[in-house]
Structure formats: structure tokens, C-alpha cells
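What follows is a short report on a single structure.
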Amino acid sequence: MRETARATDLLDWYDRHARDLPWRVGPRARAAGMRPDPYRVWLSEIMLQQTTVPAVKPYFEAFTARWPTVSDLAAAADADVMAAWAGLGYYARARNLLKCARAVAEEHGGVFPDSYEGLLGLPGIGPYTAGAIAAIAFDLPATVVDGNVERVMARLHDEHTPLPQAKPVLTDMAAALTPQQRPGDYAQAVMDLGATICSPRNPACGLCPWRPSCAAWEAGTAAELPKKAPKKRKPTRLGIAYLVRRVDGAWLLERRPDKGLLGGMLGWPGSEWNEAPGEAPPIRAEWKTLPGEARHTFTHFHLRLTVKTALVPMDRPATRGEFVELAEFSPSDLPTVMRKAYDLARGS
DNA sequence: AAGACGTGGGT
DNA sequence: TACCCAAGTCT
């Protein structure tokens, strides 16, 4: 007979195996009464949306060093925050990060709301993040459902309904397991379990504290759960990027509109990205087309970017973008696709 | 309410 | 090479 899964079994496992993460207050310190700074919890949770821990770490360190409090971040210039986020992806997160910081600073006195509902009302905070902050920062018994929890619940209950259709039932399952005691540790424990033991491929069931209660283990189906709706294939789009160098070394750059792909980020002026992009030079110049192309894959399409370069005199007016002095430009301020175009032009 | 929205690492 | 995946949110 299969056992019933208990939160305490997972908490015992977490006490022994909790990972040490820069934004985490571990189980021992929490037991001693320590609580994480809500600002750091919030920042880490936004960065971790659809993003791996190794990718987040250096960005988290850089942000907290430069902007130690939510009020510091609220006072930052948009361009500085977008540049600091460059390379992390999903740039709407950075735009909403600033909106949220400013809402907290101006409408909440610099203090994060300490309720699920209050958090949910802030920009960039959805059901998952509101629950995570409520549980981790405020020790409220919020149910936290991310991709890890969906996977753990699907396996625990041998649920074969494909995602995203299964989301409501999986949420109910997660809610039924959420304890009133140590909800902050528990939220992190389920996610750690999903990230380390109950992993997407080759789950380490031999090490799992919930194996005695796992229906998928009993059925031998763990590795094939959760089921997911089939993916659509990505089309390929073409584009042209224009890299213009002024004789004093300044680069011609353009701030992209807030809405849409790479919204709010700096980039090279260029054509539309589609099946047959037309020429769209941002300045009168003698263009050189570089051999090869910058290839990049976005969430929903592949891009093959032709790079054209030109050197222009000081007094040449641009029809698009603005020249940025060499001393004020760093390729690390660019989203990855734009940095690839830069690398192609610099021969690296 | 599906689709838009990035990127890097693993297989 | 190509596909999958990672602590989702917004529209």
C-alpha cells in the first residue's frame, strides 16, 4: 500500500539537503528566526522566471551590489537597469521590475506588501511569484506552483493529463500538501526537489523522500511525466543590421520601443525581421556587407541576421538612432542577438 | 486564451 | 543539428 505524501518528510529532506543560494536564508538560520529581505526574494524570483540558477547568480550579485534596496532601484535610470539586465532575456521582466520598484517606493513607502493579494497587484508579479514571496519572505502558507511543482505533483499522483490543461488539478494537489508550519522552507523544498531529484529527465527516484508515496514510481511512469502539448516548429526570419562607426569611434545605436521583442533595449538600427526584409539604412554611407551572418534563436522563431557596416564622418546626420560615444558604450549593454552582430563585425 | 516573450546549457 | 528545458507573466 502506498503511503500518503507528507510535507514533514520533505522538510526533513530539505533540512539536510537545502542548496546554498545567494538569495536564500537556509533552514537552520530560519529556525533561528532569520528571514530573507523581501527585496532580495522578489528580485531573485523575477530573475528566476524561466531562467536557470547559474544564469541568474551573477545578475543577482550585480543588481544587489549596485542597488541594495528597492528604493535604490526605484531611483535608477531606465537605461542603466536595462543595460544591467542585458543578456538575461525576457526583457519585459526588467521593465516591470522598475515599474514594481517604483510602485513599492512611491505607493507602499518602500515596503513590499506582506500579503498574496497585495503582491499580486504589482507589475510583473503573477500567481507564482506572489505565492513565492508570500511564503519565502513572509512565511505565509501560500501555495507555490512553478514548473518544478507541476512536475512533482504530476508524478506523485501519476497524472497523465497534458499541460497546460492539467494546471488546475496540479494546483489543487499542491494546495492540499502545503503545510501551515514552515511554509517558506516548504516552498523552497518542493522546488529544490523538482530541480535536483525529481528532474525532467533521469529523475533520481532512489534519493527521493517522497518515493514511498509516489504513484508514478509505483507505475514506472515518472520519467514520462508531466505530459505536455506538442510544440510548434519555429519559422526562420531574415534581417539586416547596420553597424555604423563614426570616425571618433562612436556607434550608432537605437533604443527599441517598450512594447514587443527586446522592448526597451538598445540595439543596432535595422530592417524588419521577416521572410524578405527590405533595405533600411539609417544613414547615408558606403556599406560593406560582412561575410557570414549572425544566427540567433528566439522563443518563437529563428533569425539569420545579415550585418552591414559603414564608417562615417563627424558631420553626417543619421535618420535613425543616435551616436553613442565610445566611452559610454559597452557591448554587454546589448541583448545577445545584438551582441552577436557586434561580435561578427569585430571579428570575434 | 493561445501566443509573445530570450537565452544558454544539456542531450 | 535540433529539440528540450529553466523558480512565468502579460495580453
Side-chain angles (χ1 to χ4, degrees), chain A residues 19 21-24 40-60 82 85-97 99-100 119-137 142-152 163-165 167-168 171 174 184 186-196 198-203 223-224 226-237 256-265 267 273 295-303 332 334-340:
Chain A
R19 289 181 293 170
L21 300 172
W23 45 84
R24 171 172 289 177
R40 294 167 63 88
V41 175
W42 164 71
L43 181 62
S44 67
E45 289 300 340
I46 301 297
M47 288 182 167
L48 285 163
Q49 289 169 6
Q50 302 289 288
T51 309
T52 59
V53 166
V56 164
K57 275 181 179 169
Y59 285 85
F60 179 82
M82 299 314 285
W85 196 277
L88 199 54
Y90 282 139
Y91 298 101
R93 292 185 295 174
R95 302 194 301 273
N96 286 329
L97 191 79
K99 281 187 200 164
C100 183
L119 291 161
L120 192 57
L122 291 166
I125 298 185
Y128 161 74
T129 305
I133 299 172
I136 297 169
T143 298
V144 171
V145 184
D146 70 336
N148 288 309
V149 178
E150 289 175 350
R151 184 169 57 255
V152 170
L163 284 166
Q165 193 190 331
K167 175 99 179 175
T171 299
Y186 175 81
Q188 295 174 91
V190 207
M191 293 191 283
D192 267 21
L193 185 76
T196 59
C198 196
S199 48
R201 283 160 303 201
N202 307 316
E224 59 194 68
K227 302 283 190 189
K228 294 196 175 178
K231 315 270 183 198
K232 292 174 180 166
R233 70 175 296 274
K234 300 181 204 290
T236 296
R237 297 185 193 170
R256 298 172 65 90
D258 269 349
K259 304 266 181 188
L261 192 66
L262 309 179
M265 298 301 290
W273 295 344
R295 290 184 176 229
H296 191 72
T297 298
F298 292 101
T299 312
H300 51 297
F301 65 94
H302 303 288
L303 178 66
S332 65
L334 299 173
T336 300
V337 63
M338 299 296 175
R339 194 180 42 70
K340 284 182 180 176

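All chains are named by letter (A, B, ...) in the order of the sequence lines, taking the proteins before the strands, and each is independently numbered beginning at 1. Note that the structure is a prediction, hence the values are computed from the model and not measured.
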_Please encode protein proximity along nucleotides 6-11 of chain B as a string of B, S and -, counting only heavy-atom distances under 4.0 Å._
BBS---

*Contacts of A:A137 that satisfy side chain to side chain contact (heavy atoms under 4.5 Å, CB included) - sequence neighbours left out*: A:P38, A:V41, A:I133

*Just jot down the ring-ring contact (aromatic ring centres under 6.0 Å, His included) partners of A:F60, sequence neighbours excluded, or say none.*
A:W23

*List for me each residue that meets side chain to side chain contact (heavy atoms under 4.5 Å, CB included) alongside A:K228, sequence neighbours excluded, and say none if there are none.*
A:L163, A:P226

*Under 4.0 angstrom between A:H300 side-chain N/O and B:dC5 OP1 or OP2*: yes

_Classify A:L21 by what it touches in the nucleic acid, base, sugar-phosphate, or nothing, heavy-atom distance under 4.0 Å._
base

*Under 4.0 Å between any heavy atoms, over every strand shown, what does A:P123 touch: base, sugar-phosphate, or nothing? Just pick one.*
sugar-phosphate

*For A:A195, all residues meeting side chain to side chain contact (heavy atoms under 4.5 Å, CB included), sequence neighbours excluded*: A:R19, A:N148

*NA contact type, A:R24, heavy-atom cut-off 4.0 Å: base, sugar-phosphate, or nothing?*
base

*Is there a side-chain polar atom (N or O) of A:K232 under 4.0 Å from OP1 or OP2 of B:dG3?*
yes

*Residues in side chain to side chain contact (heavy atoms under 4.5 Å, CB included) with A:T299, at least two apart?*
A:Y90

*asked:* So A:W23, base contact, sugar-phosphate only, or nothing? Heavy-atom distance under 4.0 Å.
replied: base

